[in-house]
Amino acid sequence: MGPATHALHIALAYAGRVALATLAQCALVLGPPLLLAAVMQPVALRSEQWTRRLVGERAHWVAAGWLSTALHEGGHAALALLFGHRVTRVKWFDFHASDGTLGQVEHQYDPKSFYQRAGRFFIGVAPVAVGALVIALAARFLLGVQGPSGRTVAHGSPELTTVTRTFATQLGASVHAVGRLAMALHADRWRTWIFLYLAYVGGSAMRLSGSDLRSAGAGMWTLGCLLLLANALTLWAGTFATSLALRVASALALCDAALLAAIALQLLVGAVSLAITHAAAYFRARDAALARG
């Protein structure tokens, strides 16, 4: 093997390590929250549809829709400002929107700025973080329930076992936290009902639109390229970038638990609304049949 071939083999091996480390870091940090957020989208949509069918669109809007929309748009606006975008218009909520757009944030950014381009990911998913924060704060101050400890695998190896063990640890801690939260709910306490209301609103605010997902996808591409470059420049010195990803994943354990709680509550509210709607329809049909008979 000549020197050139040997150097090429070394370069290719290093490029493979860089690619593997980048994928592992993305999976460690974004895997659990993105998985739960993906589950949350159809659950929240169906729950909202079934609830509106039961109580009526106007009643649902007055009770919760306006607040969840305002939280959703507020998350977009706050992160847009944080990442240097120029916010040109914010529609917090509009029940009578002719185009069906209940809320909207219009913003502009410099496409030459990697910081602003990467920020599109965080702006797109900001409502998920805002909704999770509302649920976490409500649980802490209304029910006295704190989130998971956030401990993850302590090693910084970018191997598949590290990713899977971290997934299992984080999701297990989230399930345990939601179990503690369920045990703290008592129907005879007003704090429980305020928490359930805020958790429902926070969960509804997490639902992302198509434009949100497109913005997040574009920003994720930029983030991935920047992370790939960072690993190419630093991986030779050690796996401290993966260790940092593990610490970030640990910090996001609270978001995972809040997402899981929101999914459970949206499922419950949707199921109850659907059951009541079908029961009411059954009794109306039975009464009508008795009246005709």
Side-chain angles (χ1 to χ4, degrees), residues 25-26 29-41 44-45 48 61 64-138 198-230 244-245 248-249 251-256 258-259 262:
Q25 291 155 15
C26 289
V29 174
L30 300 177
L34 285 186
L35 174 63
L36 293 172
V39 173
M40 181 68 194
Q41 303 311 307
L45 176 62
E48 185 176 317
W61 172 257
W66 70 273
L67 183 54
S68 63
T69 301
L71 285 172
H72 181 104
E73 304 307 335
H76 285 318
L79 268 293
L81 292 173
L82 178 64
F83 281 92
H85 290 217
R86 187 166 69 90
V87 177
T88 57
R89 177 173 176 264
V90 179
K91 180 168 73 171
W92 295 101
F93 51 86
D94 182 6
F95 180 62
H96 300 289
S98 58
D99 60 354
T101 305
L102 300 180
Q104 189 176 25
V105 175
E106 296 178 2
H107 54 96
Q108 299 174 347
Y109 68 98
D110 181 4
K112 296 179 181 179
S113 170
F114 282 103
Y115 177 72
Q116 294 186 23
R117 284 167 55 188
R120 296 185 65 190
F121 169 77
F122 299 98
I123 296 168
V125 301
V128 175
V130 170
L133 181 62
V134 168
I135 295 172
L137 291 176
L198 292 176
Y200 178 78
V201 168
S204 298
M206 292 178 181
R207 191 158 62 84
L208 303 178
S209 66
S211 61
D212 296 339
L213 295 173
R214 287 190 293 273
S215 175
M220 183 61 195
W221 173 254
T222 303
L223 273 177
C225 291
L226 290 174
L227 184 58
L228 192 67
L229 177 61
L244 177 61
V248 174
L252 289 175
L254 182 63
C255 180
D256 300 339
L259 274 165

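Counting from 1, the numbers follow the sequence of the chain as shown.
- Between Tyr115 and Leu82, the shortest heavy-atom contact is OH-O, 3.0 Å.
- At a cut-off of 3.5 Å, with distance as the only test, no side-chain donor of Ser215 or Asp212 sits close to an acceptor on the other residue.
- Under the 4.5 Å side-chain criterion, counting only non-hydrogen atoms from C-beta, Val128 is not in contact with Pro33.
- Note: Lys91 NZ to Thr69 OG1 = 10.0 Å, rounded to the nearest 0.5 Å.
- Of the inter-residue distances, the one linking Leu198 atom CG with Leu67 atom CG reads 7.5 Å to the nearest 0.5 angstrom.
- The SG atom of Cys225 sits 8.0 Å away from the CZ atom of Arg117 when rounded to the nearest 0.5 Å.
- With rounding to the nearest 0.5 angstrom, the CG atom of Leu259 is 10.0 Å from the CG atom of Leu254.
- Side-chain N or O atoms of Gln41 include one that pairs as donor or acceptor with a backbone N or O of Leu208 at under 3.5 Å.
- Nearest heavy-atom pair across Pro127 and Ala205 is CB-O, 3.3 Å.
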Working note: Phe121 + Leu30, criterion side-chain contact (heavy atoms from CB on, under 4.5 Å); need CA distance, chi angles, decisive distance, verdict. CA-CA 12 Å; Phe121 169 77; Leu30 300 177; 4.0 Å; yes
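- Not a single side-chain hydrogen bond (donor to acceptor under 3.5 Å, both in side chains) links Arg214 to another residue, sequence neighbours left out.
- A donor-acceptor pair under 3.5 Å is absent between the side-chain atoms of Glu106 and the main chain of Arg89, judged by distance alone.
- Here the closest heavy-atom approach between residue Ser204 and residue Ser68 is recorded as CB-CB, 3.8 Å.
- Counting non-hydrogen atoms of neighbouring residues, nucleotides and ligands closer than 6.0 angstrom, the CH2 atom of Trp66 reaches no more than 12 such neighbours.
- From Met220, atom CE reaches atom CG of Leu227 across 8.0 Å, with rounding to the nearest 0.5 Å.
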Go through the steps to decide whether Met206 and Ile135 satisfy the test side-chain contact (heavy atoms from CB on, under 4.5 Å), and finish with yes or no. CA-CA 11 Å; Met206 292 178 181; Ile135 295 172; 3.9 Å; yes
Any chance you could lay out the side-chain contact (heavy atoms from CB on, under 4.5 Å) test for Arg120 and His85, step after step, and finish with the verdict? CA-CA 9 Å; Arg120 296 185 65 190; His85 290 217; 4.0 Å; yes
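- Looking only at distances, no side-chain donor or acceptor of His107 sits under 3.5 Å from a matching main-chain atom of Val87.
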Kindly determine whether Val134 and Val201 satisfy side-chain contact (heavy atoms from CB on, under 4.5 Å), including the steps that lead there. CA-CA 9 Å; Val134 168; Val201 168; 6.0 Å; no
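- Minimum interatomic distance between Cys255 and Ala132 (heavy atoms only, all atoms of both residues): SG-CB, 4.0 Å.
- Residues Asp256 and Leu36 share a closest heavy-atom pair of O-CD1, 3.4 Å.
- Listed by chain and residue number, Arg52, Arg207 satisfy the salt bridge (charged side-chain N to carboxylate O under 4.0 Å, His left out) test with Glu48 (two or more places apart in sequence, or in another chain).
- In this structure, the separation between CG on Leu228 and CG on Leu223 is 12.5 Å, given to the nearest 0.5 Å.
- Scanning all heavy atoms of the two residues, the minimum distance from Tyr109 to Pro111 falls at O-CD, 3.3 Å.
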